[in-house]
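We count ligands from 1, going down the list as the structure has it; atoms in each ligand are counted the same way. Since the structure is predicted, the reported quantities are computational estimates derived from the model, not experimental observations.
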Amino acid sequence: MADYPVELERTRTLFDGRRVHIRPVRASDAEMEQDFVRHLSPDSRYTRFMVTMNELPAGKLKYLTDVDYEKHLALVATEQTGDGRQHQVGSARYVVDPGGKSCEFAIMVDDDWQSSGLAGMLMFTIMDVAHARGLESMEGLVLASNHKMLKFARQLGFSQQRLADDPGTVRVFRKL
Ligand SMILES: CC(C)(COP(=O)(O)OP(=O)(O)OC[C@H]1O[C@@H](n2cnc3c(N)ncnc32)[C@H](O)[C@@H]1OP(=O)(O)O)[C@@H](O)C(=O)NCCC(=O)NCCS
């Protein structure tokens, strides 16, 4: 596993004035990640994971938080709570394809933090990192009914194509 990429840590102010800390995930964030997923609306959980669930199964939780920072890079966005704890409000990740030239991304933002600009901030960060590390393209799979994500991806310059073998899913793609 690569060293923790501390250089990717940053604090940002959103246009509505809220402050958010963005940093690579740690294996010790598993409980925070699970709380984040439990707190999402059922619709946001479904559009992200494409299955109905209330919380992450143990294996999936480990996969999402115990990453190697090379083939799998994940960022979390957190806010500081009144009692000094960190509360997760978003995450974005990419996983490098076996060929080593492209990657697949995923993103999710707490419902109370959607339309805040946080999602764009997370996406621009992972696209910049992927590009700086020599990856040439990024793609993602989105439910055809997920109009919010499709609009968001279009604004970020991703092209869209329905999967021939699964018309309920759209592949979004862009060069980095
Ligand atoms: C899909 C998802 C990531 C999109 O996030 P989002 O919150 O809509 O994205 P943004 O924070 O960029 O907000 C977009 C809106 O805020 C506005 N906005 C963003 N930054 C702004 C700024 N600085 N000033 C003014 N408005 C701004 C945008 O114009 C846009 O408004 P519009 O929808 O009226 O056009 C989010 O809905 C989500 O997490 N969904 C659940 C999980 C999911 O579906 N994931 C996708 C599977 S990979």
Side-chain angles (χ1 to χ4, degrees), residues 8 10-25 29 32-57 60-61 63-65 67 71-79 86-97 102-131 135 137-163 166-176:
L8 299 182
R10 58 207 60 187
T11 300
R12 293 283 181 265
T13 303
L14 303 175
F15 72 92
D16 61 8
R18 286 185 288 184
R19 303 260 295 167
V20 67
H21 187 61
I22 296 175
R23 62 169 175 80
V25 73
D29 291 322
M32 183 179 75
E33 176 88 20
Q34 186 69 283
D35 283 346
F36 167 59
V37 170
R38 280 195 195 113
H39 184 256
L40 289 170
S41 67
D43 189 49
S44 286
R45 266 197 305 269
Y46 181 71
T47 53
R48 163 64 180 89
F49 296 107
M50 300 185 180
V51 290
T52 303
M53 62 159 137
N54 293 323
E55 63 175 31
L56 295 164
K60 182 79 174 174
L61 180 60
Y63 172 75
L64 294 178
T65 51
V67 304
K71 300 273 183 223
H72 186 172
L73 179 81
L75 301 177
V76 290
T78 65
E79 68 163 345
Q86 287 179 49
H87 170 232
Q88 188 172 330
V89 296
S91 76
R93 70 193 60 244
Y94 70 72
V95 177
V96 180
D97 290 343
S102 63
C103 60
E104 185 167 338
F105 77 90
I107 179 158
M108 55 179 170
V109 169
D110 184 285
D111 295 78
D112 295 338
W113 291 68
Q114 291 179 18
S115 299
S116 70
L118 174 60
M121 220 174 254
L122 286 167
M123 280 303 295
F124 279 120
T125 307
I126 63 163
M127 289 194 296
D128 281 352
V129 176
H131 175 70
L135 293 168
S137 60
M138 183 175 269
E139 66 178 73
L141 293 176
V142 181
L143 289 174
S145 56
N146 191 355
H147 302 295
K148 199 166 185 180
M149 180 64 203
L150 291 174
K151 178 179 174 190
F152 175 69
R154 201 176 307 115
Q155 287 166 345
L156 290 173
F158 283 82
S159 63
Q160 310 190 355
Q161 187 186 31
R162 272 187 194 250
L163 297 188
D166 179 6
T169 306
V170 175
R171 172 181 176 263
V172 299
F173 172 90
R174 68 161 278 171
K175 286 197 186 307
L176 293 171

| query | Do the side chains of Leu163 and Leu141 get nearer than 4.5 Å, heavy atoms only? | reply | yes
| query | Which of the numbered atoms in ligand 1 are below 4.0 angstrom from a heavy atom of Gly117? | reply | 10 (P), 11 (O), 19 (C), 20 (N)
| said: Please report the interatomic distance CG(Leu73) to SG(Cys103), rounded to the nearest 0.5 Å. | reply: 9.5 Å
| Which residue and heavy atom of the protein sit nearest atom 30 (C) of ligand 1, plus the separation | Gln155 OE1, 4.9 Å
| task | Could you tell me whether atom 28 (C) of ligand 1 has a protein heavy atom closer than 4.0 Å? | result | no
| request: Among all protein heavy atoms, pick the one closest to atom 9 (O) of ligand 1 and tell me residue, atom and distance. | output: Ala119 CB, 3.4 Å
| query | Counting only heavy atoms on the protein side, is anything nearer than 4.0 Å to atom 24 (N) of ligand 1? | reply | yes
| query | Does ligand 1 have an atom under 4.0 Å from some heavy atom of Asn146? | reply | yes
| message | Taking the side chain as everything from C-beta on, heavy atoms only, tell me whether Met121 gets closer than 4.5 Å to Arg10. | response | no
| message | I'd like to check which ligand 1 atoms, numbered from 1 as shown, lie under 4.0 Å from a non-hydrogen atom of Ser116. | response | 11 (O)
| Under 4.0 Å to a heavy atom of Met108 - the qualifying atoms of ligand 1, by number | 39 (O), 42 (C)
| Nearest neighbour in protein (non-hydrogen) for atom 12 (O) of ligand 1 | Phe152 CE1, 3.5 Å
| message | What I'd like to find out is whether the side chain of Val89 reaches to under 4.5 Å of the side chain of Arg18, using heavy atoms alone. | response | no
| field | Residue, atom name and distance, where the atom is the protein heavy atom closest to atom 15 (C) of ligand 1 | value | Ser115 CA, 3.8 Å
| said: Return the CE to CG distance between Met127 and Leu122, rounded to the nearest 0.5 Å. | reply: 11.0 Å
| Sub-3.5 Å N/O-N/O distance, Phe15 and ligand 1 | no
| Short side-chain donor-acceptor distance under 3.5 Å, Thr65 and Asp29 | no
| query | Is ligand 1 less than 4.0 angstrom away from at least one heavy atom of Gly140? | reply | no
| Matching residue for Phe158 among Phe152, Phe105, Phe173 - test: ring pair (Phe, Tyr, Trp, His ring centres under 6.0 Å) | Phe105
| request: Look at the aromatic rings of His87 and His39 and report parallel, tilted or perpendicular, splitting at 30° and 60°. | output: perpendicular
| query | Can you tell me which residue and heavy atom of the protein come closest to atom 8 (O) of ligand 1, and the distance to 0.1 Å? | reply | Lys148 CE, 3.2 Å
| Is there side-chain contact between Gln114 and Lys148, with heavy atoms separated by less than 4.5 Å? | yes
| said: Is the shortest side-chain heavy-atom distance between Gln160 and Leu150 below 4.5 Å? | reply: yes
| Those atoms of ligand 1 less than 4.0 Å from some heavy atom in Leu118 | 11 (O)
| Gln114 to ligand 1: N or O pair under 3.5 Å? | yes
| task | Can you figure out which of Asp110, Leu141, Val109 has its heavy atom closest to atom 39 (O) of ligand 1? | result | Val109
| query | Shortest non-hydrogen contact from Glu33 to Leu56? | reply | CG-CD1, 4.1 Å
| said: Going by the closest heavy atom to atom 45 (N) of ligand 1, which one wins out of Thr47, Ile107, Leu40? | reply: Ile107
| Ligand-side contact atoms (ligand 1) for residue partner Arg48, heavy atom cut-off under 4.0 Å | 42 (C)
| Does some non-hydrogen atom of Lys151 fall short of 4.0 Å from ligand 1? | yes
| Test item: Asp111 and Leu40 side chains (from C-beta on) under 4.5 Å apart, heavy atoms | yes
| said: With nothing but distance in play, are any N or O atoms of Met149 less than 3.5 Å from an N or O of ligand 1? | reply: no
| said: So which atom in Met123 and which in Ile107 form the shortest heavy-atom distance, rounded to 0.1 Å? | reply: CG-CD1, 3.6 Å
| query | What are the atoms of ligand 1, with element, lying closer than 4.0 Å to any heavy atom of Ser44? | reply | 41 (C), 42 (C)
